[in-house]
Amino acid sequence: MHEMSIALAVIDQVESAVRPAGATAVRSVRLEIGELAGVVPDALAFSFQLACEGTVLAGAELLTEPVPARARCGSCDRTWPTGLPPRLSCPGCGGVGVELLSGRELRIADVSWHDDAPVPTPTHEER
Ligand SMILES: [Zn+2]
């Protein structure tokens, strides 16, 4: 199941981010999900609950934040919300040289754990 592999990847990333910080229980994870990422939030939440068992994320709440999809025309520079199914030709000039600006995101936006101390998003920019 597609959502299950995403849930596992998310849990993996969160675990490696909170372990060094000494977290023993994660309270919630906030995910940004693009409109075109092909993820069903309910199915993902279900997979997440199952996959959390036995990890520091057990019982954590998964919060999902939809990100609307937008596209830009390469010919006339117009931007528009693509909607679903996505409109990938320019509503202004009919051009098909279209760049997708957003909508494919699948990103951990925030993680919070038992004592409310924010854990940085899993990047390695600091230090
Ligand atoms: Zn155009």
Side-chain angles (χ1 to χ4, degrees):
M1 192 162 137
H2 179 56
E3 276 77 12
M4 181 52 90
S5 56
I6 294 169
L8 289 170
V10 167
I11 289 166
D12 213 51
Q13 281 190 49
V14 171
E15 272 198 312
S16 56
V18 301
R19 276 250 171 79
T24 51
V26 171
R27 243 168 40 124
S28 66
V29 176
R30 198 154 54 87
L31 262 192
E32 289 177 359
I33 300 180
E35 203 177 3
L36 305 180
V39 175
V40 181
D42 283 353
L44 181 59
F46 179 73
S47 302
F48 184 81
Q49 296 302 338
L50 288 181
C52 277
E53 292 301 323
T55 73
V56 292
L57 286 85
E61 191 183 2
L62 182 70
L63 310 166
T64 53
E65 222 168 79
V67 180
R70 290 194 69 82
R72 180 171 61 207
C73 174
S75 316
C76 71
D77 224 30
R78 184 188 182 118
T79 66
W80 69 95
T82 67
L84 259 183
R87 175 182 183 140
L88 294 178
S89 60
C90 177
C93 70
V96 291
V98 166
E99 182 195 354
L100 201 57
L101 300 176
S102 65
R104 304 189 76 95
E105 292 80 358
L106 191 58
R107 202 174 78 82
I108 299 170
D110 198 29
V111 177
S112 65
W113 38 307
H114 64 298
D115 61 359
D116 275 348
V119 173
T121 316
T123 56
H124 300 284
E125 290 166 3
E126 290 170 39
R127 215 150 61 105

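In each ligand, atom 1 is the first atom listed, and ligand 1 is the first ligand listed.
Judged as a side-chain hydrogen bond (donor to acceptor under 3.5 Å, both in side chains), and not counting sequence neighbours, the contacts of S28 are S112. When the side chain to side chain contact (heavy atoms under 4.5 Å, CB included) test is applied to E32, the partners found at least two apart in sequence or on another chain are E65, V67, R107, A109. Scored by the side-chain hydrogen bond (donor to acceptor under 3.5 Å, both in side chains) test, E99 finds R72 as partners (sequence neighbours excluded).
Judged by distance alone, the side chain of E35 and the main-chain N or O of A69 form a donor-acceptor pair under 3.5 Å.
If you look at the Zn ion (ligand 1), the protein N, O or S atoms less than 2.8 Å from it are C73 SG, C76 SG, C90 SG, C93 SG.
The 12-atom threshold is exceeded at CZ of R87, counting heavy atoms of other residues, nucleotides or ligands nearer than 6.0 Å.
Closest non-hydrogen pair, A71 versus V98, comes out as CB-CG1, 3.6 Å.
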